[in-house]
2 protein chains.
Amino acid sequence: MDTKTLCLGTLCFGDASGYDIKKMFEVAYSHFQGAGFGSIYPALAALEREGLVGRREEKQDKRPDRKVFSITEAGRERLLATLNQSPPLEKYRSDFLVIMFFAHLLDTERLREVLEQHRQDVQTDLNELQSIRDNCTLSEGMRFTVECGIACMEARLKVLRDRGETLLTHHSTLPEPPT
Amino acid sequence: MDTKTLCLGTLCFGDASGYDIKKMFEVAYSHFQGAGFGSIYPALAALEREGLVGRREEKQDKRPDRKVFSITEAGRERLLATLNQSPPLEKYRSDFLVIMFFAHLLDTERLREVLEQHRQDVQTDLNELQSIRDNCTLSEGMRFTVECGIACMEARLKVLRDRGETLLTHHSTLPEPPT
DNA sequence: GCTTGCATGTAACCGGTTACATGATTGT
DNA sequence: ACAATCATGTAACCGGTTACATGCAAGC
């Protein structure tokens with residue numbers, strides 16, 4: 001999903017500046033989407049050109065001015081149209097799994113390191129999601145996205161626990177190309 | 001992980017043409033990476049320019065010529081160096097979860113459709129991975145990647161089963177912005 | 001004094017996707 | 001006849017990431 005659509009969706013919750021939207025991206029969407037300022041500001045500018053959002057300037061003292069965007073009727077329609085399209089097939093990409101795929105090329109110490117680092121990363125993400133689930137007011141849909149993430153990470157951790165050790169002890173076995 | 005690295009890794013299993021590599025991408029790496037001809041051929045050309053792979057031409061009758069690539073010593077070193085770098089933090093992207101996040105904007109029928117379609121897609125991927133696990137000779141590392149995929153998809157299916165119905169019945173509730 | 005937060009943007013870069021271009025052979 | 005498989009590539013496009021550019025205020 002492109003940044004423009006995400007911005008439109010975010011503006012459905014209320015008016016916001018680019019900076020606000022970035023913060024939303026960090027908390028609410030972080031585990032299944034992400035975008036930096038370099039995507040958000042151009043996206044908002046494009047949306048304004050297309051008449052899908054409006055902007056007003058808010059002066060603040062002791063702070064830089066904020067440019068606050070609000071979604072227009074046309075913007076709502078566009079968002080709805082996008083959400084009603086069938087999403088393309090998911091494609092998961094993982095550099096970690098690429099390294100694991102070629103585990104036979106690494107030495108055992110390095111492999112142990114990669115596994116442990118990954119375990120920590122997943123655990124960190126999991127804790128964050130659990131804290132969102134337990135402390136935030138969420139719509140059913142949002143709760144669903146969070147629970148999907150939690151379930152996947154728990155499953156991933158289980159595989160790391162169950163198979164990590166065997167992987168380390170057996171990993172000298174010569175591989176054959178997959179068929 | 002970029003296509004060049006994946007190509008180098010693939011060539012570690014033996015010499016191959018661009019076409020062969022594409023097929024490997026479809027079966028072996030499909031659930032955590034992907035690349036089309038438009039990425040593979042330029043990648044191989046670049047690798048050749050850098051001296052990381054060599055190429056020879058194989059004439060075939062009744063078939064177009066094949067350009068068969070083989071990894072060089074420099075290529076092996078480069079691959080090892082890349083695999084020994086720490087992988088960047090995983091970021092999962094899912095258009096499906098974006099739609100779910102904004103579920104309150106959809107009508108119930110459409111939501112049901114999206115959920116059912118996604119369930120089918122995940123089930124299809126899961127079946128494929130299970131068949132790879134049960135029918136292919138795999139190194140420990142490869143088996144690990146497949147089992148990661150299987151575990152995540154089973155977890156995802158469980159969430160879809162457990163929460164799908166409640167989502168559909170409750171989804172008219174007004175959402176608040178997440179905090 | 002240094003870092004963090006607030007606040008907005010541009011430009012270069014990189015890399016993947018899609019469409020286009022070609023052409024013979026084999027199977028339905 | 002028509003689709004699929006084998007086989008290789010180019011060019012345009014799209015969109016995200018990173019680096020750069022600016023500047024003040026508050027807290028440590």
Side-chain angles (χ1 to χ4, degrees), chain A residues 1-8 10 15-27 29-30 32-50 53 55-69 82 87-95 98, chain B residues 1-8 10 15-27 29-30 32-50 53 55-69 82 87-95 98:
Chain A
M1 208 67 88
D2 59 26
T3 306
K4 278 162 66 178
T5 304
L6 268 290
C7 287
L8 285 178
T10 306
D15 297 356
S17 66
Y19 196 85
D20 296 335
I21 290 174
K22 172 79 189 320
K23 278 189 301 182
M24 289 275 294
F25 275 38
E26 270 158 18
V27 291
Y29 313 144
S30 61
F32 57 87
Q33 279 288 336
F37 289 124
S39 313
I40 293 170
Y41 286 120
L44 287 169
L47 288 171
E48 200 196 357
R49 277 198 304 276
E50 297 174 61
V53 303
R55 90 151 71 183
R56 65 171 187 278
E57 238 133 298
E58 262 180 25
K59 297 246 164 70
Q60 303 182 115
D61 48 293
K62 310 206 177 176
R63 295 243 168 277
D65 290 2
R66 308 172 74 229
K67 297 182 181 168
V68 180
F69 295 87
T82 307
L89 277 177
E90 311 253 319
K91 30 188 144 176
Y92 174 57
R93 315 213 145 202
S94 168
D95 284 7
V98 171
Chain B
M1 210 64 94
D2 58 26
T3 307
K4 278 163 65 178
T5 305
L6 268 290
C7 287
L8 284 178
T10 305
D15 298 354
S17 65
Y19 196 85
D20 296 335
I21 291 174
K22 172 79 190 319
K23 278 189 300 184
M24 288 276 293
F25 275 38
E26 270 158 17
V27 292
Y29 311 145
S30 60
F32 57 88
Q33 280 288 338
F37 289 123
S39 313
I40 292 169
Y41 286 120
L44 287 168
L47 288 170
E48 200 196 358
R49 277 198 305 276
E50 296 173 62
V53 303
R55 88 151 73 183
R56 65 172 188 278
E57 237 132 299
E58 262 180 24
K59 298 248 164 69
Q60 304 182 115
D61 48 295
K62 310 206 179 178
R63 293 245 166 276
D65 291 2
R66 307 172 76 229
K67 296 180 182 170
V68 179
F69 295 87
T82 307
L89 278 176
E90 311 252 321
K91 30 188 143 176
Y92 173 57
R93 315 216 144 201
S94 168
D95 283 6
V98 172

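Below, chains carry the letters A, B, ... as their sequence lines are ordered, and counting in each starts from 1.
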Position toward the 5' end of DNA chain D (nearest nucleotide), A:Ala35 or B:Phe69: B:Phe69
Parallel, tilted or perpendicular: ring planes of A:Phe37 versus A:Tyr41, cut at 30 and 60 degrees: parallel
Sugar-phosphate, base or nothing in reach of B:Lys91, heavy atoms under 4.0 Å: sugar-phosphate
Salt-bridge criterion met for A:Arg56 and A:Glu58 (N-O under 4.0 Å): yes
Positional range of nucleotides in DNA chain C within the contact set of chain B, heavy-atom, under 4.0 Å: C:dG16 to C:dT26
Heavy-atom side-chain contact between A:Phe69 and A:Ile21 under 4.5 Å: no
For atom CZ of B:Arg63 and atom P of D:dA4, their distance in whole Å: 16 Å
Atom-pair distance (NZ on B:Lys67; P on D:dC6), nearest Å: 18 Å
Closest heavy-atom pair and its distance - A:Asp65, A:Gln60: OD1-N, 3.9 Å
Atom-to-atom span, CZ of B:Arg66 to P of D:dA7 - whole angstrom: 5 Å
Pairwise 5' ranking along DNA chain D for B:Ser17 and B:Arg93, keeping only the more 5' one: B:Ser17
A:Arg66 side chain near A:Asp20 side chain, heavy-atom distance below 4.5 Å: yes
Nucleotide D:dA25, atom C1' - distance to CG of A:Asp65 in whole Å: 15 Å
Spacing of B:Glu26 atom CD relative to D:dA4 atom P, expressed in whole Å: 14 Å
A:Asp61 CG to D:dC24 C1', straight-line distance once rounded to whole Å: 12 Å
Separation of atom CZ in B:Phe37 from atom C1' in D:dA7, rounded to whole Å: 8 Å
Donor-acceptor pair, side chain of A:Asp95 and main chain of B:Met1, under 3.5 angstrom: yes
Toward the 5' end of DNA chain C, by each residue's nearest nucleotide, A:Tyr41 or B:Gly38: A:Tyr41
Side-chain N,O (B:Gln60) to OP1/OP2 (D:dA7) below 4.0 Å: yes
Touch class at under 4.0 angstrom, heavy-atom based, for A:Lys4 against every strand present: nothing
Short side-chain to backbone donor-acceptor contact, B:Arg93 and A:Gly34, under 3.5 Å: yes
